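What follows is a single structure, written as structure tokens, with notes after it.
Just so you know, residue 1 is the first one in the sequence shown, and it goes up from there. Keep in mind it's a predicted model, so treat the numbers as computed, not measured.
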Amino acid sequence: MAKDKKNIYTGTGHRKSSIARVTLTPGKGKITVNGRDVREYFPSEICVMDLSQPLVLTNTNEMFDVDAKVSGGGFQGQTGAIRLGITRALLDYDKTTPTDSENSFRKILKVAGMITRDSRKKERKKPGLKKARRAPQFSKR
């Protein structure tokens, strides 16, 4: 089954230790993650709402089918990675379609803070400490 490369938009997202490769194809708004339905894959509805936020902001949630391949991390990291991947794929779509700069996806998504990658990661453990910053309890005697 050969797909038309002209109507496929891709984006890659990273969050914590998760990496997501997202593909947008014209469709009815179906979201699949690793070959499973999004509501089956993620345990909470909050995760589903979070990752579909770029589609809702740009009013394209009924326009595209989203297929995401995600690996690494937990549910929150994977959700953030998919959200960034969807945002980048929407920007790829916006580049190819002629629109006025007033209603561009970039402007809408930038104001909502979707374009910037959240670079926070778990800090490494340091020698002599119990965790990254937690020191052993001090004993005077």
Side-chain angles (χ1 to χ4, degrees), residues 1-140:
M1 176 166 100
K3 289 189 176 182
D4 188 14
K5 291 273 186 207
K6 204 164 45 172
N7 291 332
I8 295 176
Y9 307 99
T10 59
T12 306
H14 298 261
R15 171 78 170 96
K16 292 187 177 182
S17 60
S18 301
I19 301 170
R21 292 184 316 278
V22 178
T23 307
L24 294 182
T25 51
K28 300 278 190 235
K30 186 174 177 232
I31 302 174
T32 56
V33 179
N34 290 344
R36 292 163 50 189
D37 184 58
V38 69
R39 285 167 180 28
E40 182 187 317
Y41 188 82
F42 288 113
S44 73
E45 195 62 33
I46 294 167
C47 291
V48 178
M49 284 173 27
D50 191 32
L51 72 85
S52 62
Q53 216 171 5
L55 297 169
V56 173
L57 286 170
T58 55
N59 292 325
T60 53
N61 46 349
E62 300 292 318
M63 245 172 84
F64 293 111
D65 284 343
V66 178
D67 184 38
K69 304 277 188 269
V70 66
S71 63
F75 291 125
Q76 291 296 336
Q78 289 184 352
T79 301
I82 293 170
R83 184 174 75 175
L84 184 60
I86 290 172
T87 301
R88 288 181 174 169
L90 284 171
L91 293 176
D92 188 29
Y93 163 75
D94 200 34
K95 268 195 301 194
T96 59
T97 55
T99 56
D100 55 354
S101 64
E102 202 62 30
N103 295 329
S104 73
F105 287 170
R106 182 166 187 82
K107 199 170 193 180
I108 296 165
L109 294 168
K110 184 76 173 173
V111 169
M114 299 283 162
I115 293 176
T116 309
R117 182 208 195 277
D118 191 349
S119 61
R120 293 176 295 172
K121 284 190 165 190
K122 187 172 170 74
E123 196 173 328
R124 76 173 192 87
K125 183 191 174 304
K126 277 80 169 193
L129 300 179
K130 291 187 177 216
K131 291 167 63 178
R133 298 185 182 201
R134 170 77 173 105
Q137 186 173 4
F138 176 74
S139 173
K140 193 174 252 184

* Run the side chain to side chain contact (heavy atoms under 4.5 Å, CB included) check on Met114 and Leu57 step by step: do they pass? -> CA-CA 10 Å; Met114 299 283 162; Leu57 286 170; 4.0 Å; yes
* Might you work through the side chain to side chain contact (heavy atoms under 4.5 Å, CB included) test for Asn61 and Ser52, ending with a clear yes or no? => CA-CA 8 Å; Asn61 46 349; Ser52 62; over 6 Å; no
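- Judged purely by atom type and a 3.5 angstrom limit, Gln78 has no side-chain atom pairing as donor or acceptor with the backbone of Ser71.
- For the residue pair Thr23/Asp67, the side-chain donor-acceptor check at 3.5 Å is not satisfied.
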* Start with the C-alpha distance between Lys131 and Lys125, add both sets of side-chain angles, then the distance that settles side chain to side chain contact (heavy atoms under 4.5 Å, CB included), and finish with yes or no. => CA-CA 5 Å; Lys131 291 167 63 178; Lys125 183 191 174 304; 5.6 Å; no
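- Ion pairing between a basic and an acidic side chain is recognised when a charged N comes within 4.0 Å of a carboxylate O; Arg133 and Glu123 show such pairing.
- Between Asp94 and Arg106 there is no salt bridge, since no side-chain nitrogen of the basic residue lies less than 4.0 Å from a carboxylate oxygen of the acidic one.
- With Thr96 contributing its side chain and Tyr93 its backbone, the two residues share a donor-acceptor pair below 3.5 Å.
- The pair Lys30-Asp65 fails the salt-bridge criterion, with no side-chain N (NZ, NE, NH1 or NH2) lying under 4.0 Å from an Asp/Glu carboxylate O.
- The backbone N or O of Lys69 sits nowhere less than 3.5 Å from a side-chain atom of Arg21 that would complete a donor-acceptor pair.
- The pair Asp37-Arg39 does not count as a salt bridge, with every side-chain nitrogen at least 4.0 angstrom from each carboxylate oxygen.
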* Asked: Taking it one step at a time, do Val70 and Asn34 satisfy side chain to side chain contact (heavy atoms under 4.5 Å, CB included)?
  -> CA-CA 7 Å; Val70 66; Asn34 290 344; 3.7 Å; yes
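- Atom CZ in Arg15 sits 13.0 Å away from atom CD1 in Ile82 (nearest 0.5 Å).
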